[in-house]
Student: 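Shown below is the structure under consideration.
Chain A is the first sequence line, chain B the second, and so forth, proteins listed ahead of strands; every chain is numbered from 1.
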There are 2 protein chains.
Amino acid sequence: MSVPAVGKLQKQTFGARIADELRKAIFAGDLVPGSALIETALAEQFGVSRGPLREAIRQLIDEGLLVQVPFSGTRVTELSEIAIREIYSLRTTLEIFAFRLAWDRRDAGFRAEMLQRQQALLAAIDTGDEMECIRREMHLHSLVYEAADHQLLLEIWGGLKGRLQLYLASNYLAHGRHGPRRTGHDSFVAAALGDSWPVMEAEILQHMRLGSEETERFLKARKEKVDA
Amino acid sequence: MSVPAVGKLQKQTFGARIADELRKAIFAGDLVPGSALIETALAEQFGVSRGPLREAIRQLIDEGLLVQVPFSGTRVTELSEIAIREIYSLRTTLEIFAFRLAWDRRDAGFRAEMLQRQQALLAAIDTGDEMECIRREMHLHSLVYEAADHQLLLEIWGGLKGRLQLYLASNYLAHGRHGPRRTGHDSFVAAALGDSWPVMEAEILQHMRLGSEETERFLKARKEKVDA
DNA sequence: TCGCGATAGATTGTCGACAATCAATTAAAA
DNA sequence: TTTTAATTGATTGTCGACAATCTATCGCGA
């Protein structure tokens, strides 16, 4: 993603590449939550057979971006209020766990990388590109998971990140979600680079609570709009 | 699994059924960690085409039971000491989280179910069927995740459980792992049905520490045997 | 004898077509 | 009018064959 990673250029299968394309399409809003994916159409669109496409679909299912019922079809995962709450509650637990692992592992490289990702986020906020903001925000939070040196945790965060990004992106597309507050991430980064663990833990709890509440507000607004 | 679940009898695809068979084969030791799976052979063995079989393989990859490198092949996941440590550390975090969610939700049904699963485990210990013991132990610990009413957590526990079961089963097959200690689970159940949250939290930490240490001992023993 | 490149066999990735299943529509009956 | 059954169209599940790729073996040269 961000690291050059010399050995990165291994032979990639069609399915993996198509999965990337589909993921981008979902995050970009070309595929709105609830819409159905038809294999034949997508296969022709991507210029491949249904085999690789099916594999790509399977991969996105595991990432929680798609849901499938046998013999019926595949759809983009729908938003639900309890799902949001589950994501944020679990993310709170995991992010505290990640910070505990990474806490004594923070070095100059960690601090530099965190500041750089924060700068990238702030730059995106200035341009007003909301989608880029979401990506940068995810990227910023990813750092601690990468620094925790815990493969399994990183893998699970990947799944969570995908779901979260889907929700944030679709919420923005649906009702122009207001982007991440500048000050909110300032305090987060400050705590992450500081020396007080209790402050960091409190910051995570606060950060997650704000995110959860904000998202739930939009979901309720959408619900009322649908009911009306 | 344990609940009758009226609507459970939905049309099942070949891939899903084959995935179940493969999972059983792995847990039973018919497919030892590190061994390669050849698609054509397995497809013929199961009497299906390579399509559904590929889908089954993909599913087990997501569960962490298989690893695949493109154009090279698929193998049963190998054990590694750090992987074990990661599983136990993450499981500790998640199980504490699950208990916190389920703590005030425990009712008569919960207590009855837990006692029943404990009885089933004890019965399995008496028969000496180690594989059954492992399944029963997993089933016992699954209860709190089911009671937490958290879909995402339950899903992630499913993945963790699979990996854990793979490790326990292969360890037993490799060097006759000594089964779960009777007293260990007695104290676990007692704490889970008790009224003291600090006691429960300490019990989880202790339980995980014991399991982790025991497994690592066997891994080190195997390593020394291999080196010799 | 050791290292290196070509070759052969096996295995995976991909494709197009066919069969099974589902959802919506139409028509018939109560 | 409402409910139910049959039908049709579309979509997914499955299959067998072909092409791309890898791994191991063999032969050649140093």
Student: Would the distance check show the side chain of E63(A) and the main-chain N or O of G159(A) forming a donor-acceptor pair, the cut-off being under 3.5 Å?
Tutor: no
Student: dT21(C) P sits how many Å from F71(A) CZ, rounded?
Tutor: 6 Å
Student: Output the rounded distance in Å from CD (E39(B)) to P (dT21(D)).
Tutor: 17 Å
Student: Which residue is it: I26(B), L42(B), L66(B)? I am looking for the one with a side chain to side chain contact (heavy atoms under 4.5 Å, CB included) to L31(B).
Tutor: I26(B)
Student: Please determine whether a side-chain nitrogen or oxygen atom of S72(B) lies at a distance below 4.0 Å from atom OP1 or OP2 of dT23(D).
Tutor: yes
Student: Working to the nearest 0.5 Å, report the span between CG of L164(B) and CE of M138(B).
Tutor: 4.0 Å
Student: Distance check needed: dG13(C) P versus R17(A) CZ, whole Å only.
Tutor: 14 Å
Student: Would you kindly give the CD-to-P distance between E44(A) and dT12(D), to the nearest whole Å?
Tutor: 14 Å
Student: Between R50(A) and T13(A), name the one whose nearest nucleotide on DNA chain C is closer to the 5' end.
Tutor: T13(A)
Student: Any donor and acceptor pair, going by atom type alone, linking the side chain of E86(A) with main-chain N or O of Q151(B) inside 3.5 Å?
Tutor: yes
Student: Does L37(A) reach a base, just sugar-phosphate, or nothing at all? Heavy atoms under 4.0 Å.
Tutor: sugar-phosphate
Student: What is the nucleic acid contact for T40(B), judged by heavy atoms within less than 4.0 Å: base, sugar-phosphate only, or nothing?
Tutor: base
Student: Check whether any side-chain N or O of T13(B) sits under 3.5 Å from a backbone N or O of A16(B) as a donor-acceptor pair, and report yes or no.
Tutor: no
Student: Taking only heavy atoms on the protein side, list every residue of residues 51-65 of chain B lying under 4.0 Å from any atom of DNA chain C, sorted numerically.
Tutor: R54(B)
Student: Kindly say whether M208(B) contributes a backbone atom to a donor-acceptor pair with the side chain of T92(B) at under 3.5 angstrom?
Tutor: no
Student: F46(A) has an atom CZ; how far is it from atom C1' of dC15(C), in whole Å?
Tutor: 18 Å
Student: G47(A) or T74(B): which one's nearest nucleotide on DNA chain C is closer to the 5' end?
Tutor: T74(B)
Student: With under 30° as parallel and over 60° as perpendicular, where do the rings of H207(A) and H141(A) fit, or are they tilted in between?
Tutor: tilted
Student: Heavy atoms from C-beta onward define the side chain here; which of dT23(D), dT11(D), dG13(C) lies closest to that of I38(A)?
Tutor: dT11(D)
Student: Atom CZ of F14(A) and atom P of dG16(C): how far apart are they, to the nearest Å?
Tutor: 11 Å
Student: Using atom CD of Q68(A) as one end and atom P of dT11(D) as the other, report the distance to the nearest whole Å.
Tutor: 15 Å
